[in-house]
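Here is the naming used below: chain letters follow the sequence lines, and residue numbers restart at 1 for every chain. Nothing here was measured: the structure is a model prediction, and the numbers come from that model.
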Amino acid sequence: MEAKTDDTPKKSLNFIEAFVEQDLKDGKNDGRIQTRFPPEPNGYLHIGHAKAICLDFGIARNYNGICNLRFDDTNPVKEDVEYVDSIKEDIQWLGYKWENVYYASDYFQQLWDLAVELIKQGKAYIDEQSAEEIAKQKGTPTVSGIESPYRNRPISENLELFLKMNSGEIAEGAMVLRAKIDMTSSNMHFRDPLLYRVITSHPHHRTGYTWKAYPMYDYAHGQSDYFEGVTHSLCTLEFEVHRPLYDWFIDQFKNSDYRPRQIEFNRLNLTYTVMSKRKMLLLVQEALVIGWDDPRMPTICGLRRRGYSPEAIHNFIDKIGYTKFEAQNDIGLLEHAVRESLNKTATRVNAVLNPVKLIVTNYPADKVEMMETINNPEDETAGVRTIPFSRELYIEREDFMEDAPKKFFRMTPGQEVRLKSAYIVKCTGCKKDEAGEIEEIYCEYDELTKSGMPESGRKVKGTLHWVSAQHALKAEVRLYDRLFSIENPSADPRDFRELLNPDSLKVLHNCFVEPTLKGAKALEQFQFQRLGYFNVDPETTAEKLIFNRTVSLKDSWAKEQQR
RNA sequence: UGUCUUAUGGUGUAAUGGUAGCACUGCAGUUUCUGGAUCUGCCUGUCUAGGUUCGAAUCCUUGUAAGACAACCA
């Protein structure tokens, strides 16, 4: 009988980890595990990439392997160094270190040599038809294609033309190199796929104008894996149909027992947002958002600016898992993950977003008391600080009601509430302007109920946050909501730009925060007591404090009100 | 009228032929100097029809539904 030495239940493996363990058990590739994260440097990384990053780097870490960063830079028309730098920054921010940085462009010569080999074996040919003609001959998924008239060109001619494709003698678009496989295959990718095309109009971000013939994805990606020694090439579901071709190329060139294995998993879809680079680019280009790092964007830099922690993103990705089912993940789960993370780490501070003056009428006008308050009740090591209390305060307008329903536990005439970390006060009335708008609220404090004193234990239903009017700092606060107003914008027949949530950003200019926030640093995270998690926007200056709302606190009163 | 893939509560995900569990959401309560957090309980599920088996979410067949594939993109 097998003795179980470990009584902690084994965490169930996802199907990819199960494959990896089986491959290890079977002794494949000498027990080596190597993955890669292969972004194209043509845009910023988003949370969907984070899912892939966590898998690629996570598998390598868990199984004693390595993970490289490889830029799949085979299309100079779209790619730029700007993106290379941001991609590196985002991966590091997520907490991962790559073993090496590689570029598909590092392999242009090797790829070229192998293509020449393929031509010599009669397995590739130069086609000089137009893109339209080639597309027409490809057939459709249900109708097989027909062969190109150039398909049986002599090898020597193919070789000669291939050289010309790269020398500048052949105009962009005039010729391509195609593999000679099977125009009748039920898999479209086998119908003589394109291997190389000519691009002369754009310099490559690393090789300039050195190359004019550029390899295409199916050929370059798989062979790059092979050159590097990748054992598990993890990608999203849409590449499933490409796998037979991936394997076909490996079969053409492999010369040992080693072979990389492509495994596909489900991409990340989030409700109320879009995850397509193309759509994100349009939002940026048409100034529908401020930029790639707009806090409403699902980009890594957007989430970072919004106040998300790397931990929150990891927690979220752990929760959604990896399967082969095309799922729609509730953005509420992401929001839960960030609350869970920030709850443990964010310092609690007082900020009043929609201020109204509260005057403690029996408190001396010239008196100021420094009140001690806890930085984070979830973290004993976070310590305490002091905040000033005085006769004139600001509280939230929503925390006062003249005629309040029974379940309203806040400021209303005749009712006692606690001012957090200060005194219990009783509301005595308010002053309104001609329009009926509340101008000032009045209350009286009970000296014996100062926080920490025995009388402060008295039961009151509500606790309010506040700031001292003369000490508070003015701040701008940006409130964000979901970028789109409908759950699945991608499934909607309308143009996605018509589906944007018009209220996704609300800027409040007249907010007050407690004085300890003076000098707060960019991206620093706080909990504005009773309101939500906020961080310091990088646009903050010495003169102007700007905060972003990461996510609100759960609000059961708001729910109650909706009934 | 093709190929490949998928289907477990509202959402996501486990159970690897042996008691359908977890998280989020929702609801009810507990507790609280945050209507937060905590803690407790509850609601809700194996796409259909057959078959194999002592036993099927799991294996097989069929049907249904959904997704991917027809870029000189990756």
Side-chain angles (χ1 to χ4, degrees), chain A residues 11-15 18 38-40 42 72-75 77-79 104 127 130-131 134-136 138-145 172-178 185-191 194-199 214 216-218 220-221 235-244 264 266 271 277-278 318-330 332-337 339-340 343-344 348 350 373-374 377-378 407-410 418-422 424 449 451-452 456-458 460-465 527-533 552-560:
Chain A
K11 188 186 170 291
S12 63
L13 302 175
N14 65 47
F15 77 103
E40 183 186 15
N42 70 343
D72 259 359
D73 55 349
T74 55
N75 184 5
V77 177
K78 290 186 177 172
E79 295 152 8
D127 199 336
S130 68
I134 290 174
K136 208 189 290 172
K138 277 237 161 156
T140 69
T142 53
V143 177
S144 65
E172 191 162 309
M175 292 185 187
V176 292
L177 180 72
R178 300 177 72 180
S185 172
S186 53
N187 184 335
M188 297 288 293
H189 298 280
F190 275 88
R191 324 248 260 227
L194 276 62
L195 267 38
Y196 271 83
R197 82 298 212 170
V198 176
I199 297 172
Y214 287 92
M216 306 220 10
Y217 170 83
D218 282 302
H221 185 88
C235 61
T236 45
L237 250 25
E238 69 268 28
F239 292 100
E240 218 152 20
V241 226
H242 293 244
R243 187 175 358 116
E264 311 85 13
N266 62 344
T271 55
K277 274 196 212 173
R278 185 186 66 83
D318 278 349
K319 285 174 207 286
I320 61 172
Y322 298 87
T323 68
K324 293 183 79 99
F325 176 70
E326 182 89 17
Q328 272 288 322
N329 292 283
D330 189 344
L333 192 56
L334 215 211
E335 293 170 346
H336 170 261
R339 285 192 188 102
E340 190 179 42
N343 179 44
K344 290 178 293 186
R348 273 56 171 174
N350 293 300
T373 189
I374 291 173
E378 305 294 321
K407 285 189 174 176
F408 187 80
F409 303 146
R410 308 177 182 185
R418 184 189 304 281
L419 295 177
K420 174 132 181 118
S421 309
I424 294 174
T449 61
S451 285
S456 72
R458 194 198 299 167
V460 284
K461 283 268 181 70
T463 300
L464 306 188
H465 62 276
Q527 186 197 89
F528 286 0
Q529 207 110 213
R530 299 209 302 136
L531 298 174
Y533 296 96
S552 66
L553 251 32
K554 286 203 340 195
D555 189 349
S556 52
W557 168 240
K559 237 180 240 173
E560 181 67 34

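For the C1' atoms, the distance from B:rC59 to B:rC22 is 26 Å, rounded to whole Å. Here, B:rA57 and B:rU16 have their P atoms 12 Å apart, quoted to the whole Å. Rounded to whole Å, the separation between the C1' atoms of B:rU8 and B:rU46 comes to 4 Å. Here the separation of B:rA49 from B:rG10, taken at their C1' atoms, is 27 Å to the nearest Å. To the nearest whole angstrom, the two C1' atoms, one in B:rG9 and one in B:rA15, are 16 Å apart. Comparing the same atom, P, in B:rA23 and in B:rG35 gives a spacing of 26 Å after rounding to whole Å. Atom name C1', nucleotides B:rG41 and B:rU31: the rounded distance is 15 Å, in whole Å. Atom C1' of B:rG12 sits at a distance of 37 Å from the matching atom of B:rC33, rounded to the whole Å.
Within 4.0 Å of A:Pro39, counting heavy atoms only, lies no atom of the nucleic acid at all. At the heavy-atom level, A:Glu240 lies under 4.0 Å from the strands shown only through sugar-phosphate atoms. Heavy atoms of A:Ile320 sit under 4.0 angstrom from primed sugar atoms or phosphate atoms, though from no base atom. Among the atoms of the strands shown, none is found under 4.0 Å from any heavy atom of A:Asn187.
The side chain of A:Lys554 contributes an N or O atom lying less than 4.0 Å from OP1 or OP2 of B:rA37. At the phosphate of B:rA74, OP1 or OP2 sits under 4.0 Å from a side-chain N or O atom of A:Arg197. Note on A:Lys559: a side-chain N or O is less than 4.0 Å away from OP1 or OP2 of B:rC27. In this model, the phosphate group of B:rA74 is approached by a side-chain N or O of A:Thr74 to a distance below 4.0 Å at OP1 or OP2. The phosphate of B:rC33 has neither OP1 nor OP2 within less than 4.0 Å of any side-chain N or O from A:Ser456. Listed pair A:His465 / B:rU34 fails the phosphate criterion, with no side-chain N or O lying under 4.0 Å from OP1 or OP2. For B:rA70, neither phosphate oxygen OP1 nor OP2 lies less than 4.0 angstrom from any side-chain nitrogen or oxygen of A:Lys136. A close approach under 4.0 Å does occur between a side-chain nitrogen or oxygen of A:Ser556 and OP1 or OP2 of B:rG36. Regarding contacts with the backbone of B:rU13, a side-chain N or O of A:Asn266 is found under 4.0 angstrom from either OP1 or OP2.
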Applying salt bridge (Lys or Arg N to Asp or Glu O under 4.0 Å) to A:Glu335 and A:Lys554, what does each step give before you reach the verdict?
CA-CA 10 Å; A:Glu335 293 170 346; A:Lys554 286 203 340 195; over 6 Å; no
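Comparing atom distances between the A:Ser186 side chain and each of B:rC73, B:rG67, B:rU3 picks out B:rU3 as nearest.
Counting atom types as modelled, A:Arg410 pairs a side-chain N or O with a base atom of B:rG35 as donor and acceptor under 3.5 Å. Applying the 3.5 Å distance criterion, the base of B:rU34 shares a donor-acceptor pair with the side chain of A:Gln527.
More than 12 heavy atoms of other residues, nucleotides or ligands lie within 6.0 Å of CG in A:Leu237, so this atom counts as buried by the packing criterion.
Between the side chains of A:Lys324 and A:Asn266, no donor-acceptor pair of N or O atoms lies under 3.5 Å.
In this structure, CD of A:Glu79 is placed 7 Å from P of B:rA74, rounded to the nearest angstrom.
Mapping A:Phe408 and A:Ala131 onto RNA chain B by nearest heavy atom places A:Phe408 closer to the 5' end of the strand. Residue-to-nucleotide proximity on RNA chain B shows that, of A:Lys78 and A:Glu238, the 5′-proximal contact is made by A:Glu238.
Ring geometry for A:His242 against A:Tyr217 counts as perpendicular: the plane angle is over 60°, on a 0 to 90° scale with 30° as the lower cut.
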